[in-house]
Every structure is written in structure tokens, then in C-alpha cells.
Protein chains: 2
Amino acid sequence: MEKDATEEQPVEAQEADLGGLVRSAVGRLYRRFRSERPEGSLGDAALAVLTRLHKHGPQTLTELSEHDRVSPASMSQIVNRLTSAGYAVRTRDPEDGRKVLFSTTAEGDELAGAARAQRNAWLDDRLRALSAEDRAAIARATALFSSIADS
Amino acid sequence: MEKDATEEQPVEAQEADLGGLVRSAVGRLYRRFRSERPEGSLGDAALAVLTRLHKHGPQTLTELSEHDRVSPASMSQIVNRLTSAGYAVRTRDPEDGRKVLFSTTAEGDELAGAARAQRNAWLDDRLRALSAEDRAAIARATALFSSIADS
DNA sequence: TATTGTTATACTCTATAACTATA
DNA sequence: TATAGTTATAGAGTATAACAATA
């Protein structure tokens with residue numbers, strides 16, 4: 001049985017400034033994602049919101065802004081880009097007139113599917129090239145990152 | 001079908017849109033990092049460059065722009081913010097007059113240390129709260145992310 | 001008054017295009 | 001000509017402050 005990857009390097013070296021390594025790697029990977037933007041398409045923040053509406057259905061501005069940890073004012077501008085482009089629409093909540101529900105249009109649903117496949121193609125290629133163990137480590141770390149982002 | 005370590009968990013479940021999960025988690029964690037910016041300090045891109053200069057010594061514009069995968073023009077503006085604020089200085093390369101070496105000032109070195117500790121404190125807290133296995137998965141994934149970002 | 005959302009304004013980050021200076 | 005770097009301009013993304021509408 002092969003030794004676990006953690007034993008191939010001194011633990012101290014791995015964990016020395018693990019936070020700094022995580023921050024650096026996440027930042028560079030995020031910028032790499034962003035650089036894959038197809039010409040003329042939505043930016044990464046707008047596309048992330050569109051994808052969320054596509055997957056999870058109509059949501060209020062507050063729900064969207066809390067999920068992405070941006071201010072309500074910032075999210076308002078992001079959804080403005082979506083509605084201006086015809087990918088989403090506003091609906092007043094009939095039970096609470098202060099709330100606005102955002103939903104995808106047919107064009108928005110179509111774009112959400114197409115854009116994701118196009119933008120993630122290079123990432124999927126690289127993940128496929130990894131070992132099953134590497135993918136398992138990434139899956140585990142991804143879940144942890146997501147919960148850390150929520151904390 | 002081959003036998004391997006992934007038999008412990010269903011491969012299909014692990015790999016179902018792993019790319020999408022990675023993109024989403026990285027994006028949200030990146031925004032979480034960014035939201036921790038202390039008042040009046042540098043932005044995340046500028047601080048990342050300052051940290052790099054602090055750790056690795058003087059570098060040219062091209063080296064910096066390739067490491068962060070941004071255009072030379074973008075990096076030029078980032079270092080402009082650093083030099084304007086007095087955290088870095090320009091030096092002509094004596095051996096090749098076209099090149100410019102950027103280095104930290106004393107103020108830059110001081111800020112690099114203080115800002116990192118301040119900005120990563122909450123992340124370090126969360127990493128410490130994890131199991132050693134979780135941290136190992138994160139360390140492994142972080143190295144993979146870094147190499148994917150370079151590819 | 002409290003909550004929900006918007007608009008106004010400004011800053012960071014990034015890109016492309018056009019430019020200067022050096023090799 | 002080729003390489004290294006800068007400046008001009010534009011757009012996405014974000015924040016705070018000030019505002020309006022509804023509960």
C-alpha cells in the first residue's frame with residue numbers, strides 16, 4: 001500500500017503558511033477562470049448569478065447578495081446587467097411588496113447552459129488528466145472551501 | 001472496470017460537474033478573501049504583488065505579469081499604485097535598459113507582513129479548526145490548483 | 001421605525017490599442 | 001525589427017452614502 005501524500009513531505013513544511021498558499025492559489029486560479037471569458041459574454045459575477053437563478057429558481061436580491069457575499073447595492077447592479085441584456089426579469093413578490101424576485105428568461109436559461117460548458121471546458125480537461133486520488137482531494141477541498149466561504 | 005482507491009466512494013458522484021463545483025467554490029472563496037480587506041489598504045491584486053516582491057525579491061514587469069496571468073499593461077497599473085503609495089520603487093536593469101526591476105521599500109516590507117497576518121487571520125482560524133486529513137486534502141488541492149492556474 | 005431595494009459616485013482591477021525607448 | 005514597458009481609454013465588479021417604497 002502506498003503511503004499517503006501527507007507523509008511524503010514534512011508536515012511542518014506543508015502547513016507553514018497554508019493560509020497564504022491557499023489564498024495565493026485561489027486568487028491565481030480565479031484570475032485564470034476569469035481570463036477564459038468568451039468574447040462579448042457576461043462577466044464572471046453576472047454569469048455566476050445567472051447560473052444560480054438557472055439552477056435554484058427565483059430569488060430575492062437579498063438572497064443573492066448574501067450568497068455571494070457582496071453588498072445589496074452591488075448585487076443590484078449585477079442583476080441590472082442581466083435584466084438589461086434580457087437574461088433575467090424582475091417580479092414583485094405578491095406577498096411582500098418590498099421584495100423583488102429575479103428569474104431567468106428563456107434566453108438566460110439557454111446562455112447559462114452554453115456558457116458554463118464553454119467556460120469550463122479547459123478546466124474539465126485538466127481535471128480529467130489527474131489521478132482519481134488527486135480528484136478526490138480536490139473534491140474534498142472544494143467542499144471545505146465552500147463551507148469556509150460561508151463562515 | 002479498473003480497481004482503484006475510488007471504490008470507497010461512487011466515482012460518478014464525485015466527478016459530477018466537479019469543474020463547476022470547483023469554479024463556484026473558488027469564486028466564492030476569492031470574494032470572501034476580498035471582502036476581508038482592511039479599510040484604506042491596498043486592493044487584493046496590489047497586495048498580492050507586494051507580497052510577492054517581499055518574498056521573492058526584485059522582479060521585472062514581465063515576470064510579475066506572467067505569474068499573475070494579467071497583461072503587462074494591467075500589471076503596470078498595479079505597480080503604479082504600489083509606487084505612488086511608496087511601497088515599491090522602480091530601478092532600471094543596468095544590463096538591459098529596457099527592463100525595469102521592482103522592489104519593495106521599507107514601508108512596503110512592513111505592510112506586506114502586517115497585511116498578510118491581518119487578512120489571513122480568519123482563514124488561519126478556520127484551517128486550524130479542521131482535521132489533519134482535511135488540511136492535507138487542502139494542501140494537496142492547493143498545489144494542484146496552482147499548477148492548473150499555470151497551465 | 002425597520003426592511004428591501006435602487007441610484008449616485010468612486011475606486012480597484014482588467015483588457016486592448018497605441019505609443020516610447022532600448023536591443 | 002523585436003522586446004520591455006507605459007499611457008489612454010473602456011468596462012466589470014465592488015463599496016459607501018443617500019434615497020424611495022413598503023411593512
Side-chain angles (χ1 to χ4, degrees), chain A residues 26-28 30-50 52 58-85 87-102 115 119, chain B residues 27-28 30-50 58-85 87-102 115 119:
Chain A
V26 166
R28 295 206 303 134
Y30 175 79
R31 282 190 283 269
R32 186 73 164 83
F33 285 157
R34 196 165 43 188
S35 74
E36 294 294 323
R37 180 195 316 188
E39 182 55 37
S41 117
L42 294 167
D44 62 288
L47 187 53
V49 171
L50 181 65
R52 181 160 178 81
Q59 319 215 359
T60 67
L61 186 81
T62 298
E63 288 168 343
L64 292 172
S65 77
E66 287 179 349
H67 180 262
D68 279 353
R69 291 206 157 246
V70 298
S71 70
S74 298
M75 185 53 69
S76 188
Q77 295 166 80
I78 291 172
V79 292
N80 271 345
R81 286 194 285 276
L82 290 178
T83 56
S84 300
Y87 298 130
V89 290
R90 282 178 164 79
T91 314
R92 284 331 275 214
D93 184 327
E95 301 185 349
D96 185 341
R98 295 171 302 180
K99 295 185 179 177
V100 178
L101 286 167
F102 294 90
R119 296 178 69 168
Chain B
R28 294 207 304 136
Y30 175 80
R31 282 189 283 270
R32 186 71 163 85
F33 284 157
R34 196 166 43 189
S35 75
E36 294 295 321
R37 180 194 314 190
E39 180 54 38
S41 119
L42 294 167
D44 63 286
L47 188 52
V49 171
L50 182 64
Q59 319 215 0
T60 66
L61 186 81
T62 298
E63 287 168 344
L64 292 172
S65 76
E66 287 178 348
H67 180 263
D68 280 353
R69 288 208 157 246
V70 298
S71 69
S74 297
M75 185 52 70
S76 188
Q77 294 166 81
I78 292 171
V79 292
N80 270 346
R81 286 193 287 275
L82 291 178
T83 57
S84 299
Y87 297 132
V89 291
R90 283 179 164 81
T91 314
R92 281 336 270 217
D93 184 325
E95 299 185 350
D96 185 340
R98 295 170 303 181
K99 295 185 179 176
V100 179
L101 286 167
F102 294 90
R119 296 178 68 169

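Here is how names work: the chains are called A, B, and so on, in the same order as the sequence lines, proteins then strands, and each is numbered from 1.
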>> Does Asp44(A) form a side-chain contact (heavy atoms from CB on, under 4.5 Å) with Phe33(A)? I'd like the steps, not just the answer.
In response: CA-CA 8 Å; Asp44(A) 62 288; Phe33(A) 285 157; over 6 Å; no
>> I need the OH-P distance between Tyr87(B) and dT12(C), as an integer number of Å.
In response: 12 Å
> Are Leu101(A) and Arg90(A) close enough, and set up right, to give a side-chain contact (heavy atoms from CB on, under 4.5 Å), and what steps lead you there?
Replying inline: CA-CA 6 Å; Leu101(A) 286 167; Arg90(A) 282 178 164 79; over 6 Å; no
>> Roughly what angle, to 10°, lies between the helix axis at the start of the helix from dT1(C)-dA23(D) to dA23(C)-dT1(D) and the one at its end, five pairs per end?
In response: 10°
> When you measure from the side chain of Ala45(A), which nucleotide among dG13(D), dT6(D), dA4(D) comes out closest?
Replying inline: dG13(D)
>> What is the separation between atom CG on Leu61(A) and atom P on dG5(C), rounded to the nearest whole Å?
In response: 5 Å
>> Just the rounded figure in Å: distance from C1' of dT7(C) to CZ of Arg90(A).
In response: 11 Å
> How far apart are the closest heavy atoms of Met75(A) and Leu64(A), and which atoms are they?
Replying inline: CE-O, 3.5 Å
> In whole angstrom, what separates Tyr30(B)'s OH from dA12(D)'s C1'?
Replying inline: 12 Å
>> Between Thr62(B) and dG5(D), is there a contact of a side-chain N or O with OP1 or OP2 at under 4.0 Å?
In response: yes
>> From CZ of Arg28(A) over to P of dT14(C), roughly how many Å is that when rounded to an integer?
In response: 13 Å
>> Rounded to whole Å, please give me the gap between CD in Glu63(B) and P in dA4(D).
In response: 10 Å
>> With the threshold set at under 4.0 Å for non-hydrogen atoms, list the residues of residues 73-85 of chain B touching DNA chain D in residue-number order.
In response: Ala73(B), Ser76(B), Gln77(B), Asn80(B)
Could you list, one pair per line, each protein nitrogen or oxygen that sits under 3.5 Å from a nitrogen or oxygen of nucleotides 21-23 of chain D, together with the distance?
unit_1	atom_1	unit_2	atom_2	d
dA23(D)	OP1	Gly97(A)	N	2.8
dA23(D)	O4'	Arg98(A)	NE	3.4

